[in-house]
Novice: 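Following this message is one structure expressed as C-alpha cells.
Just so you know, residue 1 is the first one in the sequence shown, and it goes up from there. All values below come from the heavy atoms of this structure, side chains included, with hydrogens, waters and symmetry mates left out.
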Amino acid sequence: MRQPRHQYVHRMLLFVLAILISGPCVGRAFAARVTELTITIDGGRILAYSMGDSGELPDDQVWAKLATVKLSDSHCENDFKLAPDETNGNRITLRGDIVLTIRYGGSVKLDRLQLIRVTPGGDQWELSTAELARVNKIRERTAADRVQPNVVVVLCDDIRWNAMSCAGHPHLVTPNIDQLAHEGVFFENMFCTTSLCSPSRASILSGLYAHVHGVTDNFTDYPPTLASFPRQLQAAGYETAYVGKWHMGEKDDSPRPGFDYFVTHRGQGTYYDPEFNFNGELRRVMPGYYTHVVTDIAVDWLKQDRSKPFLLMVGQKAPHSFYLPEEKYAHTFDHVEINYPQTAFHLQNKPEWITQRLYTWHGIYGPLFAWRKEFPNDKSEAVTDFARMIRAYWGTILSLDDSIARLTDTLRQAGELDNTVFIFMGDNGLLEGEHGMVDKRTMHEASIRIPMIIRYPGLTPTHRPKRITQQVLTVDVAPTILDLCGAEPLPKSHGRSVRQLVTTGDHDWRTAWFYHYNYEKQFPYTPNVRGIRTDRWKYIHYPHGDGSPDRHLPELYDLASDPGEQQNLANEPQSQGLIADLKRQLHELMQATDIAEDTMPLDEGVKSELPDANIR
C-alpha cells in the first residue's frame with residue numbers, strides 16, 4: 001500500500017517528539033530535562049517512571065532522586081505486574097539481567113533488585129535504604145572500572161552533510177540520528193580529504209592522507225601492515241568487529257587485520273539479499289534489505305556476553321548508488337517537487353571540464369546511475385529522471401535512521417549506551433546536481449562535506465550538546481577515538497584528536513587544510529585536483545600530471561559571501577595576491593603531510609564512455 005504522505009507525517013511526528021524530549025535545538029539551553037527511570041529485565045522493558053525535571057543536576061544528585069521513587073502497577077509495561085514474594089508479601093525481588101537506567105544519569109547493571117512496600121497493605125513500592133546503598137555502590141564501582149569506553153562507528157556511503165533533519169534538510173525526517181545530535185557533538189564543518197570511498201575509508205582508519213596510506217583509488221586494499229585505530233584498540237584489550245561494506249579491495253571479502261570478527265562482501269554489495277562472508281568461514285546469502293540485514297548482524301554481535309570493552313564498525317551500503325529504497329519508503333517523497341539546482345545553469349566562469357562532464361556518467365544529463373534510460377538528455381522534461389533519483393536517494397536514508405534506533409536501543413538495554421563512543425558519519429559527500437554534477441571526487445562543497453556526530457557523555461554530557469564550527473577532517477577520526485579510549489596513539493597521523501576542541505576549545509586548531517584527488521582512468525570525468533580550504537577561502541587547481549602548466553582554469557571562492565561557489569574569482573586582477581598566498585599555504589600543507597614530490601596520473605581529459613559495469 002502506498003502511503004507516502006502518511007509515512008512522512010508519521011516520521012515528522014517522531015521528529016517533533018524527539019525535539020520535545022531532548023530540547024528545541026542542538027547547542028541551546030533546554031527549558032527542561034525530564035528525568036525518567038526505566039527498568040529492563042533480560043532485554044525487555046518492564047517499567048517506566050517519570051522523575052520530573054532534573055535541571056542541571058550532576059549525575060550523583062540525579063541518582064539521589066531514586067530515594068523518592070514510588071512505583072505501582074500503573075508504571076509497568078508489557079503486561080508486567082509488581083507481584084510480592086511468596087514468603088514475604090511486603091517485598092518484591094526482581095531477578096535476571098537487570099538494567100536500571102535514569103535518563104541524564106546513566107545506567108547500572110544488576111542481577112537482582114529488591115523493592116519494599118511504602119506502607120503495609122499499600123500498592124506502592126520503593127527501594128529500601130539498604131537497597132539504595134547497594135545500587136549506588138555497584139554504580140560507583142562500575143563507573144570507576146570503566147576506564148575504556150566502547151566504540152560504535154556507523155559509516156555510511158556517500159551520505160551528504162545535510163541529509164538529516166538536524167542538519168536542516170527541508171524534507172528528510174531523521175529523529176533517531178537527530179537524537180544523537182541532541183545528546184552529543186554535531187560537527188558543522190566536517191570534511192573528507194579525498195572525496196572517494198576507499199581512500200577516505202583508509203584515511204578514517206589510519207589518520208593519514210591518501211598519498212601516504214596508498215589507497216588512492218577504489219580498487220586498492222588497505223595495506224595489511226599499516227597501523228589503524230582498530231589494531232591499536234585490539235592491542236589495548238578491545239574486542240573488535242566489522243560488519244558490512246568494507247569497500248577496499250573490491251574482489252576480496254576475507255577477514256582484515258585489526259578485527260576479531262569480520263563480516264563483509266565483495267564489491268558494492270546489493271540492496272536486497274546480499275551475500276556475506278562470515279569471518280572467512282562461511283559465505284551466505286542473507287534475505288532482506290541490506291540496511292536491516294547488516295543491523296541484525298551487528299545487534300546479534302552486540303548482545304554477546306563479553307568481559308572486554310568493544311569496537312564495532314558498521315559499514316552501511318546506503319545511501320550509495322544505485323539508490324534503491326525499501327518498499328515502505330519507496331514513495332515517501334513522491335509529493336516533493338525536485339528540479340536541477342540553479343548552479344547547473346551558471347557555468348560561464350567555471351573550468352571547461354565541468355561543462356564537458358554534464359553529459360557523462362557523472363553529469364546531470366547522463367544516465368543518472370540507471371535512473372535515466374535514454375541518455376544523454378538535456379531536455380527540460382528529463383528533469384523527472386533526476387527527481388526520481390533524488391527521491392530514491394532520500395528513501396534509503398530513512399532506513400539508516402531506523403537502524404540507528406535499533407543500535408542505540410540495544411546499547412541502552414544492555415546499560416552500555418552512556419559508556420559508548422557512538423559515531424555516525426559518512427565517508428565522503430555527494431553532488432546532488434550542484435554545478436551540473438552528480439557523484440563526488442571534486443573539491444566543491446557538496447562533494448567534500450560529510451556529516452559526523454559523536455554521542456559520548458565523556459566528551460559532552462547528554463544534556464549539553466554542542467555544535468563545533470571549526471574544520472574537522474576524516475584524518476582526525478582515528479586519533480580522536482584512540483584518545484577517548486586511552487589507547488596507544490598511532491605511530492604517525494596527519495590528524496588530531498577533537499577532545500580538547502570540544503571540551504575546552506583549542507586556539508591552535510587548524511584554519512586551513514588541503515584536498516587531494518588523482519585522475520582515474522576507470523572514471524575519466526574529473527581531473528587531478530589539488531586545493532586548499534581556509535575558514536574563508538577556497539582555491540582549487542588542476543595539475544596535468546606531467547609537471548607542465550595547468551590546462552584547466554583554477555577556481556577561487558569567498559565562502560563567507562558565496563557559500564554556493566557561484567562566483568569564481570580566480571581571474572580577477574585583485575585576487576592574484578591572495579592566490580599567491582593560498583598557493584604558498586597549499587605548498588606548506590602538502591609538505592607537512594610528507595609530499596616531497598607530488599606524483600599523479602596524467603590527466604587524459606573528460607571522456608563520454610561509461611565505466612565498466614562491474615565497477616560502477
Side-chain angles (χ1 to χ4, degrees), residues 2 4 157-160 163 170-172 195-196 218 268 270-271 318-325 329-397 428-442 444-447 519-527 552-553 564-566 568 604-616:
R2 299 181 181 180
D157 199 330
D158 286 8
I159 188 168
R160 285 168 60 90
H171 305 295
L172 273 164
S195 185
L196 187 60
N218 273 351
Q268 295 284 355
T270 58
Y271 271 107
H320 194 279
S321 61
F322 295 20
Y323 316 119
L324 185 61
Y329 296 133
H331 302 281
T332 303
F333 302 102
D334 283 359
H335 63 289
V336 179
E337 181 180 351
I338 298 172
N339 294 296
Y340 297 128
Q342 284 301 304
T343 56
F345 307 109
H346 299 283
L347 305 179
Q348 297 87 346
N349 63 356
K350 297 287 194 295
E352 180 63 24
W353 71 264
I354 294 179
T355 300
Q356 295 169 352
R357 179 165 154 157
L358 284 171
Y359 296 88
T360 72
W361 181 253
H362 288 164
I364 58 171
Y365 300 143
L368 299 178
F369 308 115
W371 283 93
R372 177 175 290 139
K373 303 305 179 185
E374 296 182 7
F375 55 86
N377 192 339
D378 57 6
K379 296 179 180 178
S380 58
E381 59 267 25
V383 72
T384 57
D385 301 323
F386 177 79
R388 289 188 301 115
M389 179 187 72
I390 299 302
R391 294 185 189 111
Y393 175 84
W394 294 347
T396 67
I397 293 169
N428 48 252
L430 194 78
L431 291 150
E432 207 169 69
E434 289 91 349
H435 318 295
M437 296 184 281
V438 296
D439 193 70
K440 55 262 185 182
R441 292 172 166 85
T442 80
H444 300 95
E445 288 291 279
S447 175
Y519 179 87
E520 300 169 89
K521 288 187 176 182
Q522 300 92 338
F523 293 89
Y525 318 113
T526 308
H552 298 289
L553 179 70
E565 300 169 307
Q566 299 185 64
N568 182 9
E604 299 180 12
V606 173
K607 300 181 181 180
S608 60
E609 62 199 42
L610 299 182
D612 188 289
N614 294 321
I615 62 172
R616 294 176 183 175

Novice: Would you say that Thr396 contacts Leu324 through its side chain, given a criterion of any heavy-atom pair below 4.5 Å between the two side chains?
Specialist: no

Novice: Tell me, do Leu431 and Thr442 make a side-chain contact under 4.5 Å, heavy atoms counted?
Specialist: yes

Novice: Search all heavy atoms of Ile364 against all heavy atoms of Gly433 and return the closest pair with its distance.
Specialist: CG2-CA, 3.8 Å

Novice: Can you check whether Asp439 reaches Arg357 side chain to side chain, under 4.5 Å on heavy atoms?
Specialist: yes

Novice: Any side-chain heavy-atom pair from Arg160 and Glu432 closer than 4.5 angstrom?
Specialist: yes

Novice: Out of Tyr323, Phe386, Tyr329, Phe369, which residue meets the ring-ring contact (aromatic ring centres under 6.0 Å, His included) rule with Tyr393?
Specialist: Tyr323

Novice: Between His435 and Gly564, what is the shortest heavy-atom contact and its length?
Specialist: CE1-O, 3.4 Å

Novice: Nearest 0.5 Å, what's the CG-CE distance between Leu358 and Met437?
Specialist: 8.5 Å

Novice: Hey, could you give me the OG1/CZ distance between Thr384 and Arg372, rounded to the nearest 0.5 Å?
Specialist: 7.5 Å

Novice: Using side-chain contact (heavy atoms from CB on, under 4.5 Å), reason through Lys440 and Leu196 one step at a time and then give a plain yes or no.
Specialist: CA-CA 7 Å; Lys440 55 262 185 182; Leu196 187 60; 4.3 Å; yes

Novice: At their closest point, which heavy atom of Ser195 faces which heavy atom of Ser447, and how far apart are they?
Specialist: OG-O, 2.7 Å

Novice: If the condition is side chain to side chain contact (heavy atoms under 4.5 Å, CB included), which residues does Phe523 pass it with, not counting sequence neighbours?
Specialist: Phe219, Trp361, His362, Arg441, Glu520, Tyr525, Pro611, Ile615

Novice: Do Glu352 and Thr355 have side-chain heavy atoms sitting under 4.5 Å apart?
Specialist: yes

Novice: What do you reckon, is NZ of Lys607 surrounded by more than 12 foreign heavy atoms closer than 6.0 Å?
Specialist: yes

Novice: Do Gln522 and Asn218 have side-chain heavy atoms sitting under 4.5 Å apart?
Specialist: no

Novice: Is there a side-chain contact between Trp371 and Arg391, using heavy atoms and a 4.5 Å cut-off?
Specialist: no

Novice: Side-chain contact test, heavy atoms from C-beta onward, threshold under 4.5 Å: evaluate it for Pro524 versus Glu604 and give yes or no.
Specialist: no

Novice: How close do Arg616 and Asp612 get, heavy atom to heavy atom, and via which atoms?
Specialist: CG-O, 3.3 Å

Novice: Under the side chain to side chain contact (heavy atoms under 4.5 Å, CB included) test, which residues partner Asn568, sequence neighbours left out?
Specialist: Asn349, Leu553, Glu555, Leu556, Tyr557, Ala570

Novice: Could you give the distance from CD1 (Ile338) to CZ (Arg388), rounded to the nearest 0.5 Å?
Specialist: 11.5 Å

Novice: For residues Pro527 and Tyr519, report the shortest heavy-atom separation together with the two atoms involved.
Specialist: CA-CD1, 4.1 Å

Novice: Answer yes or no: are there more than 12 heavy-atom neighbours, outside Glu609 itself, under 6.0 Å from its atom CD?
Specialist: yes

Novice: Ring-plane angle category for Tyr365 and Tyr359, please: parallel below 30°, perpendicular beyond 60°, tilted otherwise.
Specialist: tilted

Novice: What's the separation between atom CD1 in Ile159 and atom CG in Asn428, rounded to the nearest 0.5 Å?
Specialist: 11.0 Å

Novice: Look up atom NE2 in His320 and atom CD in Gln268, then write down how far apart they are to the nearest 0.5 Å.
Specialist: 4.0 Å

Novice: Give the minimum heavy-atom separation between Thr343 and Glu434, together with the two atoms involved.
Specialist: OG1-CA, 3.5 Å

Novice: Nearest 0.5 angstrom please: Thr270 OG1 to Phe322 CZ, how far?
Specialist: 13.0 Å

